[in-house]
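All values below come from the heavy atoms of this structure, side chains included, with hydrogens, waters and symmetry mates left out. Each ligand, and each atom within it, is numbered from 1 in the order the structure gives.
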Amino acid sequence: MQKLVVKGKKKLSGVIKISGSKNATLPILAATILNKNKIEINGVPIVRDVITMVQLLKNIGSNIKFDLKKRKIFIHNKNRKLKTIAPYKLLKTMRAGVIVLGPLLSKFKKAKVSLPGGCAIGSRPVDIHLYVLKKLGAKIEIKNGYIHAQAKKGLVGKKIRLPSISVGATENAIIAASFAKGTTLLSNCASEPEVRDLTNFLKKMGIKIKWSTNRKIKILGNQNLKSTTHKVMFDRIEAGTFIIAGALIGKKLKISGIETQILKKEISVLKRMGVKFQISKNDITILGSKNIKPVSIKTEPYPGFPTDLQAQIMVLMTKANGISKIKENIFEKRFMHVPELNRMGAKIKILGDSSFVYGPKQLNGAEVMATDLRASVSLVLAGLSAEKTTIINRVYHLDRGYEKLENKLRKCNANIFRRN
Ligand code: UD1
């Protein structure tokens with residue numbers, strides 16, 4: 001099994017170019033099921049989850065090609081007959097696979113999609129996904145680990161309030177409603193930038209979608225879709241991760257290929273911690289930070305602080321002069337990285353849904369175990385700022401969502417290598 005070996009305390013400097021967003025690419029790929037005309041998607045990140053989604057689409061019969069050199073995906077499903085089954089083997093490692101349920105059901109009036117596999121960060125049910133699809137007219141049964149859904153007369157637009165905010169369920173609902181008959185009004189939607197990227201893509205295919213304030217979306221279903229080209233937005237979690245790396249151990253580290261406007265919350269938290277930046281529209285240079293201050297934050301749906309950056313900011317909090325607090329509001333088991341950080345010399349206590357980080361602490365290298373995607377990268381950040389050598393096991397978690405992480409860091413002076 002592959003591991004990452006990090007020799008810490010090397011100052012990072014130079015430029016890191018951010019890749020396309022994994023979390024935007026996945027629902028956009030699922031939405032291509034609706035359209036049989038030519039589609040080209042640009043700026044696709046080469047990460048495991050995207051490759052799994054490409055395999056899933058191939059498995060259901062889509063004519064999809066991923067040009068890895070150009071980071072482009074081409075899809076043309078004219079005269080193709082797609083299957084309506086998404087098997088367990090492709091959903092067990094990637095929960096986002098369940099987003100094919102909405103488009104398959106909407107387009108083919110039936111779908112059989114495996115319930116996604118378990119997950120280290122919490123139980124992650126799909127009840128909200130099923131709730132919205134039922135409201136659009138689907139009959140749904142769970143049998144032998146599969147969701148069996150059908151809508152004999154097709155889905156029909158409706159006014160639906162999501163019972164709580166979910167990114168995936170909002171995406172499933174939007175895609176399903178895009179091909180349904182009539183108009184759908186969704187409220188209490190997730191408004192993450194990746195959901196907006198999905199709606200931008202759907203609009204280019206010919207669907208009328210209007211966002212209004214207060215998390216509401218109006219969708220006019222359309223079954224006559226056109227050919228389109230789309231460039232995926234930047235990965236704001238990758239960007240946030242490298243910005244935190246810069247705050248931890250950077251000396252003029254520039255993060256490029258981003259929209260700083262989208263990272264407002266993250267930047268404001270880091271400013272409160274005393275991190276110094278030069279900010280422009282499409283890049284940010286972290287100048288360093290001598291005296292890190294403690295802060296209290298909570299994770300929330302966008303535009304709040306993202307749960308996907310919680311583990312990374314916690315590493316920076318170990319450097320702060322005082323006690324920082326993180327309240328995790330999205331996932332119930334998302335402090336799996338805490339025991340590993342404590343093994344590296346941090347002092348972090350968990351109390352219910354909150355963690356208290358006692359700083360400042362100098363971290364020391366250790367052999368540690370990655371438990372999920374974002375926890376793994378927090379251990380890399382910890383290793384970069386620690387004394388001596390850190391070995392991170394189970395890096396396959398990291399490869400699900402970070403493209404060439406160690407190469408990007410090495411170019412900026414980090415001493416990090418992959419070993420078998
Ligand atoms: C997406 C992101 C993930 C991020 C998360 C929260 C993708 C591919 N993944 O995951 O990186 O951490 O948003 O920003 O975009 N829930 C239910 N029932 C449901 C659905 C969700 O109870 O049917 C709960 C979840 O357990 C969780 C909360 O709602 O507690 C939010 O989850 P959700 O927004 O759905 O996350 P994902 O779409 O899975």
Side-chain angles (χ1 to χ4, degrees), residues 20-31 45 47-53 56 91 93-102 113 115-135 140 142 147 149 160-176 188-199 215 232-233 235-241 262 265-266 298-313 327-337 353 372-378 397-398 400-402:
S21 161
K22 160 182 95 72
N23 286 356
T25 304
L26 297 175
I28 286 172
L29 285 177
V47 295
R48 191 78 245 158
D49 276 6
V50 167
I51 290 166
T52 306
M53 186 57 107
L56 175 55
L91 267 87
T93 56
M94 185 191 63
R95 294 186 42 83
V98 79
I99 312 179
V100 300
L101 178 63
V113 173
L115 280 167
C119 182
I121 62 174
S123 57
R124 301 186 81 173
V126 290
D127 54 319
I128 310 171
H129 297 245
L130 305 187
Y131 173 86
V132 287
L133 294 173
K134 278 183 194 160
K135 288 277 177 195
I140 296 182
I142 307 286
I147 305 162
I160 308 167
R161 180 178 167 83
L162 275 74
S164 66
I165 298 172
S166 155
V167 174
T170 301
E171 292 166 342
N172 233 331
I174 293 170
I175 306 173
N188 203 28
C189 294
S191 64
E192 266 60 5
E194 295 76 17
V195 183
R196 297 212 181 233
D197 205 25
L198 169 69
T199 54
R215 304 188 171 278
V232 174
M233 68 170 283
D235 195 310
R236 70 190 163 97
I237 305 301
E238 188 198 19
T241 301
I262 287 179
K265 184 72 190 185
E266 294 83 337
K298 50 183 190 272
T299 62
E300 287 174 307
Y302 192 84
F305 192 88
T307 175
D308 285 353
L309 284 175
Q310 180 255 101
Q312 298 88 315
I313 194 109
K327 186 166 184 291
E328 172 56 61
N329 284 320
I330 310 291
F331 292 111
E332 75 264 36
K333 284 197 205 153
R334 211 170 201 183
F335 287 133
M336 308 278 278
H337 42 285
D353 58 7
D372 74 63
L373 171 54
R374 308 302 170 184
S376 343
V377 88
S378 77
H397 288 295
L398 198 86
R400 284 187 42 214
Y402 287 90

Does the [X] side chain pair with the main chain of [Y], one donor and one acceptor, at a distance under 3.5 Å?
X    : Y    : answer
D197 : A24  : no
Y131 : A169 : no
N172 : G102 : yes
N329 : T299 : yes
Q310 : Q312 : no
R215 : C189 : yes

Within reach of ligand 1, part of [X] (heavy-atom separation under 4.0 Å):
X    : value
L130 : neither
T307 : side chain
V167 : both

>> Please enumerate all residues that pass side chain to side chain donor-acceptor pair (under 3.5 Å) together with E192, with sequence neighbours excluded.
In response: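 For E192, no residue satisfies side chain to side chain donor-acceptor pair (under 3.5 Å) once neighbours in sequence are set aside.
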> Heavy-atom distance to atom 22 (O) of ligand 1: which of S164, G401, P125, P301 wins?
Replying inline: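 That would be P125.
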>> Which option wins on minimum heavy-atom distance to atom 35 (O) of ligand 1: S166, S21, G304?
In response: S166
If you measure every N or O of [X] against every N or O of ligand 1, does any of those distances drop under 3.5 Å?
X    : answer
D308 : yes
D127 : yes
F331 : no
E192 : no

Can you list the atoms of ligand 1 that are under 4.0 Å from a heavy atom of [X]?
X    : answer
R334 : 12 (O)
G168 : 35 (O), 38 (O)
A96  : 8 (C)

> For ligand 1, is E194 a contact, meaning one of its heavy atoms is under 4.0 Å away?
Replying inline: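 Per 4.0 Å heavy-atom rule, E194 does not contact ligand 1.
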> With a 4.5 Å limit on heavy-atom distance, are the side chains of H397 and Y402 in contact?
Replying inline: no
> What pairs with A173 under side-chain contact (heavy atoms from CB on, under 4.5 Å), at least two apart in sequence or on another chain?
Replying inline: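 By the side-chain contact (heavy atoms from CB on, under 4.5 Å) rule, A173 matches V132, L186.
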